[in-house]
Engineer: 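The structure is given below, and queries will be raised subsequently.
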Amino acid sequence: MTHATLEASMAADRVRMKDGPPAGSREARALDVTWDDPPGLLGWFCAINHKTIAKRFIVTTLGFFAAGGLIAAVMRMQLSRPENTLVGPDMYNQLFTMHGTTMMFLFAVPVMQAVAIYLVPLMVGSRTVAFPRMNAFAYWIFLFGGLMLYAAFFVNSGPDAGWFAYVPLAGPDYSPGKRVDFWAQMITFTELSGLIEAIVIIATVFKMRAPGMTLNRMPLLVWSNLVTSFMVLFAMPAVMLASTALILDRLVGTHFYNPAEGGDPLLWQHLFWFFGHPEVYLIFIPGLGFLSSVIPTFSRRPIYGYTAMVLSLVATGFLAFGLWVHHMFATNLPELGKAFFTAMSMLIAIPSALQIFCWIATMWTGRLNLKTPMLFVLAFFFILVLGGLTGLMLGAVPLDLQVHDTYFVVAHLHYVLIGGAVFPLFGAFYYWYPKIKGRMMGEALGKASFWLMFIGFNAAFFPMHWLGLHGMPRRVYTYQAGMGWDGMNLLSTLGAFTFAAGVFLSLVNAVASARRGAVAGADPWGAGTLEWSIASPPPPCNFHAIPTVHGRDPLWQPAPGGAPARVSGLAVNVREVLVTSVIDALPDHRMTSPNPSPWPFLTALATTVLFIGSIFTPWAVVWAAIPATIATILWFWPKHKDNSEDLALEKAP
């Protein structure tokens, strides 16, 4: 039966045909047609399926990761020998600003949210995310914002005040021109995407879980994304407020950061680091969720200390907001405040250590299977523990003042971020690739990639501890010969290229495996969470029948005798979803999910014009708001077809 024939048959049946067991071929194909993205070029812009949006998000963020990596390679080549002239100071300032901006704003947090958008609905047994059109809108504004930053960079208008953009350096007196304006507006713009994705994830987790998946049975990866999303809601507005105040100072003449007119430069640092320090945990906590998925599967036993792990995630999220001042120990703050934030910096090690003990207990009492995803997880333990120890050192005021603004801080930052996020992310990449593509990645290439990345990473960043302790400042484009830094800088550069070779090998592995990898099947690892209960890759509707959950690892704890394994009764030719209660996931009501639409894309386009125009004239906010408003109204304009479907569903048995 062709799709056209099936669609005609569905139209005849209206909403009388229901899903549920047995999910026969006719119902299954009807569901796939209903939930699939529209075909053709126009359909490409109308797509709202969460898996489609998530894959675009992941590819885009990995593209920015590659761009940030290329910039880092140029920087390391510049520093590989003293008095090098590969790039000048102006270009170097743009390079290190774009590297930090790319990795922090365009890769680290967005890629974690992108993975969550793909996995969370599958792990909680839902057919889609809450607010799928908003999800698509968030992707488009993220894409446009990132591209605009790079467009400015390639026309010699790249930001050059650092990814932290401290004032007064980033203010109108010391940074004339449009470089910082582009940075400030595009940061505000792309962080809007992060806020939207956080709302989408929270609503999906709270209201769209499969019946029986109580909060006490949620996978730890879902818990980690829930905690992260709440952190985004509190952290992101701080940097958006800071960057908006900055561009108002620059373009409109306000004085938020001008002490001569009653402003305060320290306000920038407070606002920025109130976002900036939780930002580290926005990257780190999803990584913990990856580990809590991979370790039980390759240890062949449920996670040890589930409740302690959940409480540790929540505690980490809370404590992360109490550390921002430890980035400001070199400023003139009261000593009592410094003592408080030093104590908080030490305190956050407790929940992190508790999780590490639970993972070790899980592996210790299980049967360890050292596949490639597990190797990346084990690397996390080594790298993050080292990064955590240097973090405790920097949390102490006396030592922090000694190594402030040296390469010791650069080494610590990369040990935490790459150890806490990139290695777990690559482990997750190898772990869920079979689910996304339906084929296994090459194991030999995977292990070769891992060892190149592990050795290269340590060769690149461990010498920076030594360089920092021997006085090499960060953010310098070159250094004089005879300082004793030559050998360590050359080793660091060689390590960076080795690390890049490992990343490239994983890319080759992914591309080659997409066509020639072994067929994966539904559950190639023997895992226990819901996403492994469906075909690989998942069908457009995710689940042909909504599952019920009877334990924390549903595939390892099937429904007891007599208990229902599935829920039936949803329409197959309308995007109907089941809404459940927040705590116990009891079925609450049914509702229809929006159909594909071009308006999220067009609204994002109009909003981008507004933000770009405002860099050059405040009047752009007024005139560009008109098309953005029109697009938003048309986005939500009710359609006769949707209304008739809703009425038919209310009358249907």
Engineer: If we ignore hydrogens and angles and just use 3.5 Å, is the side chain of N84 paired with the main-chain N or O of Q78 as donor and acceptor?
Structural biologist: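 Confirmed, N84 side chain pairs with Q78 backbone.
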
Engineer: Output yes when a side-chain donor or acceptor of N542 lies under 3.5 Å from a complementary backbone atom of S126, and no otherwise.
Structural biologist: yes

Engineer: Working to the nearest 0.5 angstrom, can you tell me the gap between F153 CZ and M98 CE?
Structural biologist: 6.0 Å

Engineer: How are the rings of F96 and Y92 set relative to one another: parallel (under 30°), tilted (30 to 60°) or perpendicular (over 60°)?
Structural biologist: tilted

Engineer: Less than 4.5 Å apart, any side-chain heavy atom of F189 and any of T608?
Structural biologist: yes

Engineer: Under a plain distance cut-off of 3.5 Å, with no hydrogens placed, do T101 and W183 share a side-chain donor-acceptor pair?
Structural biologist: yes

Engineer: Rounded to the nearest 0.5 Å, how far apart are CG of L248 and CG of L251?
Structural biologist: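 L248 CG to L251 CG: 7.5 Å, rounded to 0.5 Å.
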
Engineer: Ignoring hydrogens and angles, tell me if any N or O in the side chain of W268 forms a donor-acceptor pair with the backbone of L246 under 3.5 Å.
Structural biologist: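 Not a single qualifying donor-acceptor pair exists.
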
Engineer: Can you list the steps and then say if V422 with L417 is a side chain to side chain contact (heavy atoms under 4.5 Å, CB included)?
Structural biologist: CA-CA 7 Å; V422 175; L417 294 182; over 6 Å; no

Engineer: Measuring centre to centre across the rings, with the benzene-like ring taken for any Trp, is F272 within less than 6.0 Å of F164?
Structural biologist: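 No, the ring of F272 stays outside the 6.0 Å limit from the ring of F164, centre to centre.
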
Engineer: Is F290 close to V115 at the side-chain level, that is, under 4.5 Å between some pair of heavy atoms?
Structural biologist: yes

Engineer: Taking the side chain as every heavy atom from C-beta outward, state whether V503 and F426 have any atom pair closer than 4.5 Å.
Structural biologist: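 The answer is yes; the side chains approach within 4.5 Å.
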
Engineer: Would you find more than 12 non-hydrogen atoms of other residues, nucleotides or ligands less than 6.0 Å from F616 atom CZ?
Structural biologist: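 Correct, the count exceeds 12.
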
Engineer: Pairing donors with acceptors under 3.5 angstrom, does anything connect the side chains of H270 and D264?
Structural biologist: no

Engineer: Quick one: sort the F423 and F499 rings into parallel, tilted or perpendicular, breaks at 30° and 60°.
Structural biologist: tilted

Engineer: To the nearest 0.5 Å, tell me how far M236 CE sits from E197 CD.
Structural biologist: 11.0 Å

Engineer: Tell me the closest heavy-atom pair linking Y477 and V87, and the distance in Å.
Structural biologist: CD1-O, 3.7 Å

Engineer: Report the C-alpha separation of F461 and M464 in whole Å, then their side-chain angles, then the decisive distance to 0.1 Å, and conclude whether the side chain to side chain contact (heavy atoms under 4.5 Å, CB included) test is met.
Structural biologist: CA-CA 5 Å; F461 294 104; M464 292 184 186; 3.7 Å; yes

Engineer: Mind checking whether W635 and F137 have ring centres under 6.0 Å apart?
Structural biologist: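 Yes, they do, as the ring centres are separated by less than 6.0 Å.
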
Engineer: Any side-chain donor-acceptor pair under 3.5 Å between Y139 and T60?
Structural biologist: yes

Engineer: Do the side chain of D249 and the main chain of Y257 share a donor and acceptor less than 3.5 angstrom apart?
Structural biologist: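 Answer holds: yes.
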
Engineer: Heavy atoms, side chains only, cut-off 4.5 Å: are I247 and D181 in contact?
Structural biologist: yes

Engineer: Distance alone, cut at 3.5 Å: any donor-acceptor contact between the side chains of T331 and Q269?
Structural biologist: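 Checked: T331/Q269 side chains show no N/O donor-acceptor pair below 3.5 Å.
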
Engineer: Can you label the angle between the F234 ring and the F321 ring as parallel, tilted or perpendicular, going by 30° and 60°?
Structural biologist: perpendicular

Engineer: Among V129, I53, V120, which one satisfies side-chain contact (heavy atoms from CB on, under 4.5 Å) with V200?
Structural biologist: V129

Engineer: Please check if the side chain of T617 supplies one atom and the backbone of G613 the other of a donor-acceptor pair under 3.5 Å.
Structural biologist: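 Answer holds: no.
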
Engineer: One pair to check against side chain to side chain contact (heavy atoms under 4.5 Å, CB included): V239 and L271. What are the steps and the verdict?
Structural biologist: CA-CA 6 Å; V239 72; L271 287 173; over 6 Å; no

Engineer: Taking the side chain as C-beta and beyond, is there a heavy-atom pair between V325 and F340 under 4.5 Å?
Structural biologist: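 No. Closest side-chain heavy atoms not under 4.5 Å.
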
Engineer: Between atom NE2 of H99 and atom CG of L70, what is the distance when rounded to the nearest 0.5 Å?
Structural biologist: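 The CG atom of L70 is 11.5 Å from NE2 of H99, to the nearest 0.5 Å.
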
Engineer: Using a 4.5 Å cut-off on heavy atoms from C-beta on, say whether the side chain of W35 contacts that of T128.
Structural biologist: yes

Engineer: State, to 0.1 Å, how close G419 and L384 come at their nearest heavy-atom pair, and which atoms those are.
Structural biologist: C-CD1, 4.5 Å

Engineer: If every non-hydrogen atom of I199 is compared with every non-hydrogen atom of F131, which pair is closest and at what distance?
Structural biologist: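 Minimum heavy-atom separation between I199 and F131: CG2-CE1, 4.1 Å.
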
Engineer: Contact between L149 and P159 at the side-chain level, heavy atoms closer than 4.5 Å - yes or no?
Structural biologist: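 With C-beta onward as the side chain, the pair touches.
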
Engineer: Please check if the side chain of D173 supplies one atom and the backbone of P168 the other of a donor-acceptor pair under 3.5 Å.
Structural biologist: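 Judged by distance alone, no pair lies under 3.5 Å.
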
Engineer: Inspect the contact between R179 and D90 and indicate whether a charged nitrogen and a carboxylate oxygen are less than 4.0 angstrom apart.
Structural biologist: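 Counted as a salt bridge, because a side-chain N and a carboxylate O are separated by less than 4.0 Å.
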
Engineer: Treating R575 as the side-chain partner and R127 as the backbone partner, does any N or O pair qualify as donor plus acceptor under 3.5 Å?
Structural biologist: no

Engineer: About how many Å separate NE2 of H50 and CG of L122, when rounded to the nearest 0.5 Å?
Structural biologist: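 Result: 5.0 Å between the selected atoms.
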
Engineer: Which atom names give the shortest non-hydrogen contact between L119 and L221, and what distance separates them?
Structural biologist: CD1-CD2, 3.8 Å

Engineer: Indicate yes or no for a side-chain donor-acceptor contact from R209 to the backbone of M123 under 3.5 Å, with no hydrogens or angles considered.
Structural biologist: no

Engineer: Measure the spacing between CD1 of I58 and CD1 of I436 and express it to the nearest 0.5 Å.
Structural biologist: 5.0 Å

Engineer: P237 versus L195: any side-chain heavy-atom pair under 4.5 Å?
Structural biologist: yes

Engineer: If I compare all heavy atoms of F275 with all of E191, which pair ends up nearest, and what's the gap?
Structural biologist: CE1-OE1, 4.0 Å

Engineer: For the backbone of F329 and the side chain of K338, can you confirm whether one donor and one acceptor N or O come within less than 3.5 Å of each other?
Structural biologist: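 Looks like yes, one N/O pair under 3.5 Å.
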
Engineer: Can you label the angle between the F142 ring and the F64 ring as parallel, tilted or perpendicular, going by 30° and 60°?
Structural biologist: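 Because their plane-to-plane angle is over 60°, the rings of F142 and F64 count as perpendicular.
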
Engineer: Could you please spell out the steps behind the side chain to side chain contact (heavy atoms under 4.5 Å, CB included) verdict for F65 and L425?
Structural biologist: CA-CA 12 Å; F65 175 63; L425 181 68; over 6 Å; no

Engineer: Please find the pair of heavy atoms, one from L86 and one from V74, that lie closest to each other, and give the distance.
Structural biologist: CD2-O, 4.0 Å

Engineer: According to the interplanar angle, ranging from 0 to 90°, do the rings of Y281 and H277 count as parallel (below 30°), tilted (30 to 60°) or perpendicular (above 60°)?
Structural biologist: tilted

Engineer: Would you confirm whether T603, through its side chain, and P600, through its main-chain N or O, come within 3.5 Å as a donor-acceptor pair?
Structural biologist: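 Between the backbone of P600 and the side chain of T603 there is no qualifying donor-acceptor contact (under 3.5 Å).
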
